[in-house]
Amino acid sequence: MENMAWLLLLFPIAGAIINLFAGHRFDRRIIGGIASVAVAASFLITLVLLVDLLRLPAHERSVESVLWTWITIGSFSVPAGLLIDPLSVTMCLIVTGVGTLIHIYAVGYMDHEERFQRFFVYLNFFIFAMLILVLSNNFLGMFVGWEGVGLASYLLIGFYFDKEDDTYGSYADCGKKAFIVNRIGDFGMILAIMAVWTAVGTLTFVDVNHDFHEPGMVSVGVANLICFLLLLGATGKSAQIPLYVWLPDAMAGPTPVSALIHAATMVTAGIYMIARTHEIWYLAGYGLGSAPMVAAWIGGLTALLAATIALTQTDLKKILAYSTVSQLGFMMMGVGVGAYGAAIFHLMTHAFFKALLFLAAGSVMHALHGELDIRKMGGLREKMPVTSWTFTVGAIALAGIPPLAGFWSKDEIKASVLDADLLLYIIALVAALLTAFYSFRAAYLAFYGNPRDAHVFESAHENPATMTIPLRILAVLALIGGFINLPFFPVLNNWLEPSIGHHHLDVVTMLIAAILSILIAAFGTMLAFAHYHRGEERAANLLKPFQALAPLAEQKWYVDEIYQMLIVSPLLALSNWFANIMDQKGIDGAVNLLGSSTMIVGNYARRIQTGLIPNYALSILLGAVIILAYFMLA
């Protein structure tokens, strides 16, 4: 088992290297095949690891594989090692399983692209970095993967680096925005790693969790400090308030990138990291002002804010982007209240239905030659039946309607929030209501009703099997994925318990939360149905009080503009001042002054060098007289 785990990393990076150096000799299908098979091979190895772990007793399902000691400086020692346990294997199944489907889809979707080879090199490299992140047995190794996915994300978001339009502006700038915003979170991660080492003298997850679990080893204050720093890292990577602004602009990348990085894998890294360090968060406590409760509230506000923005967007990918931010907020609420199993459960189901929704949106975009404005669509189910029904399945799962996967995972998070904080639960319910509304809105305006643009409708067509087969598989997973963790048969929670502990909920809380979840999802869906399908005046009257807020939500609450005014513009002004005043007139002026002074002194000194021997003899005599006088007077 220990050695086999390293093959998980070998195959994706091998696929990237082969396509990087030899891809120009291959046909496009071979390039795509190599990349897809590499990820599929890692998925098969993960299945083998899963079976091997299941054969072990629950308390022994944590195996470390260390190849060598990576860094040794005095007492500071970090191994190059992997941790194979239920949490890492679950994450690997999601990354490689959904990743394989997205790779297959991308073969068809990217077929017309000039930089086809480069795209699959980047995609394989991303899978490699993500596997390092989730498999590493220590903070420093995880941080290498953390930075690796950041680099891969930058390359993939800015894949169309030479493109500009009215929706995203410069696509290269979108990649830079994601990279820079994530650096803020990464700064918190670096400080957290230093703080962990200072507190317990180790960076290995097993040892860190053990030391933080031991009474008296670390104070609650230190645990909270570390958790706040970790939260900063998670806020950047998992797109929470106030660092979520990079993710919507990341839709500038190709749609398979949106599905893989910004729905199923990279953006969930912060949630995974908090679950992995659960003992630190347990010690920090769940009182008012503690880091876990701050995380929960950040998640709740993120879920609500992003849902309001998604309500008003007309670009199909932008709707899904803000939906992703909102669902990440639900996951953050889950880990914030200590429901790590529920958060990982929602992470998994979200990977299924959100990857499905993004790929279906890409199928629409591919068929309509880049068109994503839902106001120009309608009736597409006639021309794109597979894309239509699969998108609808994903939208129902996102809305949280039983018995689809999204209901079970989101309901478990809301039940945990209800058990912890009533006000936060009300915020979660409102966010869930808005989710159901915008899910139906997106599905109906795109695929149902009458066509609203004849030219767009006539150009529509279903896509090839390489794109529709992954949609069908993900739709099935969105349908049945929730059954792996039913309230009365929590297979996933029991599986993850050795890695993240147990979170108990009483039956009454779960029942109340389930009933309210069903009512809220049903009400949101029926309200949207009445408004968009029937055009009922009653539904319009219910929505009328919120119409005044619609312009603000359409402009994304002017968050980007506020950042531009308060942060970006002052920093640019300060940079220009340093460049033009401090640099040119200060530093350059000082260097130029030194050079000018040297030239002036040199010009005067040059006059002394006459070349006449009597003058030099006189100078020697004067020097001797001065030295003699000095010694006589001293």
Side-chain angles (χ1 to χ4, degrees), residues 105-113 160 163 165-168 251-256 258-259 310-323 353-399 436-472 474-475 478 525-536 539-540 550 554:
Y105 174 95
V107 174
Y109 185 89
M110 300 295 292
D111 185 58
H112 63 287
E113 294 290 342
Y160 300 123
K163 184 178 178 180
D165 60 26
D166 295 334
T167 303
Y168 297 103
M251 298 302 109
T255 300
S258 303
L311 279 175
T312 59
Q313 298 301 299
T314 56
D315 183 291
L316 190 55
K317 282 180 68 175
K318 281 291 185 76
I319 295 171
L320 299 179
Y322 282 104
S323 170
F353 63 73
K354 189 54 66 66
L356 168 62
L357 288 168
F358 269 116
L359 294 186
S363 181
V364 172
M365 186 179 181
H366 192 267
L368 302 185
H369 309 291
E371 183 61 66
L372 278 172
D373 191 338
I374 57 176
R375 296 170 298 183
K376 297 180 181 179
M377 298 179 191
L380 292 180
R381 72 185 188 281
E382 298 179 16
K383 294 292 191 75
M384 308 179 68
V386 176
T387 302
S388 172
W389 76 259
T390 54
F391 188 96
T392 303
V393 167
I396 295 172
L398 172 61
F437 188 93
Y438 71 66
S439 298
F440 180 86
R441 170 179 176 264
Y444 181 81
L445 293 180
F447 297 100
Y448 300 92
N450 298 317
R452 286 177 288 279
D453 188 308
H455 175 70
V456 169
F457 180 75
E458 290 302 322
S459 66
H461 59 84
E462 193 56 273
N463 288 294
T466 53
M467 295 175 64
T468 57
I469 289 176
L471 293 180
R472 294 173 190 266
L474 287 168
T525 303
M526 289 189 293
L527 185 63
F529 180 80
H531 183 66
Y532 289 103
H533 180 66
R534 294 186 176 181
E536 289 185 2
E554 287 175 7

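Everything numeric in this text was worked out from a predicted model, so none of it was measured.
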* **Stepwise side-chain contact (heavy atoms from CB on, under 4.5 Å) test for Lys376 and Leu368** => CA-CA 10 Å; Lys376 297 180 181 179; Leu368 302 185; over 6 Å; no
* Given side-chain contact (heavy atoms from CB on, under 4.5 Å), test Leu471 with Leu356 step by step and report yes or no. => CA-CA 6 Å; Leu471 293 180; Leu356 168 62; 4.0 Å; yes
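Between the side chains of Thr255 and Tyr105, no donor N or O sits under 3.5 Å from an acceptor N or O.
Listed here is the closest heavy atom pair of Lys317 and Leu372: CD-CD1, 3.5 Å. Heavy atoms only, all atoms of each residue included: Ala395 and Ala443 are closest at CB-CB, 4.1 Å. Smallest separation of non-hydrogen atoms from Ala252 and Tyr160: O-CD1, 3.7 Å. Among all heavy-atom pairs drawn from Leu359 and Pro256, the shortest one is CD2-CA, 4.4 Å. In plain terms, the two heavy atoms of Phe391 and Ala361 that are nearest each other are CD1-N, 4.4 Å. Residues Leu445 and Tyr532 come closest through the heavy atom pair CD2-CD2, 4.0 Å.
Within a 6.0 Å radius of NE2 in His455, no more than 12 heavy atoms belonging to other residues, nucleotides or ligands are found.
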Compile the donor-acceptor pairs under 3.5 Å between side chains in residues 377-387 and protein atoms, sequence neighbours left out, one pair per line.
residue : atom : partner : partner atom : Å
Lys383  : NZ   : Phe457  : O            : 3.0
Thr387  : OG1  : Ser363  : OG           : 2.8
Thr387  : OG1  : Glu462  : OE1          : 2.8

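Residues Tyr444 and His531 are not in side-chain contact: their nearest non-hydrogen atoms beyond the backbone lie 4.5 Å or more apart. In this structure, Asn463 and Tyr109 have side chains that are not in contact, with every pair of non-hydrogen atoms separated by 4.5 Å or more. Side-chain atoms of Leu320 and Ser258, non-hydrogen and from C-beta on, never get closer than 4.5 Å to each other.
Interatomic distance, Leu311 CG to Phe437 CZ, rounded to the nearest 0.5 Å: 6.5 Å. We find the CG-CD distance between Asp453 and Glu371 to be 7.5 Å, quoted to the nearest 0.5 Å. Taken to the nearest 0.5 Å, the OH atom of Tyr168 stands 5.0 Å off from the NZ atom of Lys318. Expressed to the nearest 0.5 Å, how far CZ of Phe447 lies from CH2 of Trp389 amounts to 12.5 Å. The structure places NE2 of His366 at 7.5 Å from CG of Asp111, a figure rounded to the nearest 0.5 Å. Considering CD1 of Ile469 and CG of Leu474, their distance stands at 12.0 Å, rounded to 0.5 Å.
Between the side chain of Arg452 and the backbone N or O of Ile374, at least one donor-acceptor pair lies under 3.5 Å.
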